[in-house]
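Scope of the values below: all heavy atoms of this structure, side chains included, with no hydrogens, waters or symmetry mates.
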Amino acid sequence: MNPTVGIAVILTVLQAAHCQMIKDLSACLLGQSLRVDCRYENKTSNPLTYEFSITKDNRKHVIHSTISVSENIYRSRANVTMHKNLVCLYLQSFTTSDEGVYMCELKATNDYTGNQIKNITVIKDKLEKCAGFSLLIQNTSWLLLLLLSLPLLQAVDFVSL
């Protein structure tokens, strides 16, 4: 075998081992908005692209995407935030007409193993309210700061006595 071909095969196999994988897809109500959380494990530093879509009446509608173009009816209502290992879709003014099968699709740049896709059926009457704790998990820097400052606060109380 040609050494150049052998190196190319090894690099391709190594790249395939360093892809992202969707671990969980969940949905909840946050006030009048729908929140869809797409949790993933990313084993590469390559940029991540995403697409949130809904299937209604056997037709796919793109809600928000860095892969393709979002549909006009969702552009003004949809917002996406990205945190470490979490991509969140927020769909404002969620109603029963927005019910359907929601899909999260992820792809790491230069990942030749294909896109990761996960679906969830969303029905408004069956959705739970988003837990406050899960909102806090998204940005834990304040919690870390609080935990690190507790010994200092205890020391100040001890000195003042």
Contact between [X] and [Y] at the side-chain level, heavy atoms closer than 4.5 Å - yes or no?
| X | Y | answer |
| --- | --- | --- |
| Tyr90 | Val80 | no |
| Leu25 | Tyr102 | no |
| Lys118 | Gln116 | no |

message: Taking Arg77 first and then Asp98, would you say they form a salt bridge - that is, a charged N and a carboxylate O separated by under 4.0 Å?
response: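 Counted as a salt bridge, because a side-chain N and a carboxylate O are separated by less than 4.0 Å.
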
N-O pairing of Glu51 and Lys60 below 4.0 Å: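 Salt bridge present between Glu51 and Lys60.
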
So, taking the atom named [atom1] in [X] and the one named [atom2] in [Y], what distance separates them when rounded to the nearest 0.5 Å?
| X | Y | atom1 | atom2 | value |
| --- | --- | --- | --- | --- |
| Glu41 | Asn85 | CD | CG | 7.5 Å |
| Lys129 | Arg35 | NZ | CZ | 13.5 Å |
| Asn58 | Thr55 | CG | OG1 | 8.5 Å |
| Ser53 | Met103 | OG | CE | 3.0 Å |
| Leu106 | Thr49 | CG | OG1 | 7.5 Å |
| Gln32 | Gln92 | CD | CD | 11.0 Å |

Heavy-atom pair with the smallest gap, counting every atom of [X] and [Y]:
| X | Y | answer |
| --- | --- | --- |
| Ser33 | Ser93 | OG-N, 4.3 Å |
| Asn46 | Ala108 | CB-CB, 4.5 Å |
| Cys104 | Ile22 | O-CD1, 3.5 Å |
| Ser26 | Ile120 | CA-CD1, 3.8 Å |
| Ala78 | Ile63 | CB-CG2, 3.6 Å |
| Ser65 | Ser70 | N-OG, 3.4 Å |

- prompt: Does the side-chain contact (heavy atoms from CB on, under 4.5 Å) test come out yes or no for Phe52 and Val87, once each step is laid out?
  reply: CA-CA 10 Å; Phe52 284 98; Val87 183; 3.5 Å; yes

task: Give yes when the SG atoms of Cys88 and Cys38 are nearer than 2.5 Å, otherwise give no.
output: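 No, no disulfide: SG-SG not under 2.5 Å.
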
May I ask whether [X] and [Y] are part of the same hydrophobic cluster, defined by side-chain heavy atoms of I, L, V, M, F, W, Y residues being less than 4.5 angstrom apart, directly or through others?
| X | Y | result |
| --- | --- | --- |
| Val62 | Met82 | no |
| Ile67 | Val101 | no |
| Ile73 | Ile54 | yes |

field: CA sep, side-chain torsions, deciding dist, call: Leu91, Tyr74, side-chain contact (heavy atoms from CB on, under 4.5 Å)
entry: CA-CA 8 Å; Leu91 184 61; Tyr74 295 108; 4.0 Å; yes

query: Would you say the side-chain atoms of Thr66 pair up with the backbone N or O of Tyr50, donor to acceptor, closer than 3.5 Å?
result: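 Yes; at least one donor-acceptor contact below 3.5 Å.
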
field: Lys56 side-chain N/O to Ser97 backbone N/O, donor-acceptor pair under 3.5 Å
entry: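 The answer is yes, because a donor-acceptor pair under 3.5 Å joins these two groups.
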
query: Would Leu86 and Asp37 count as a side-chain contact (heavy atoms from CB on, under 4.5 Å) if you check the C-alpha gap in whole Å, the side-chain angles of each, and the deciding distance to 0.1 Å?
result: CA-CA 7 Å; Leu86 177 65; Asp37 294 347; 3.8 Å; yes

Working for side-chain contact (heavy atoms from CB on, under 4.5 Å), residues Ile123 and Glu99: CA-CA 5 Å; Ile123 299 171; Glu99 294 177 343; 3.6 Å; yes

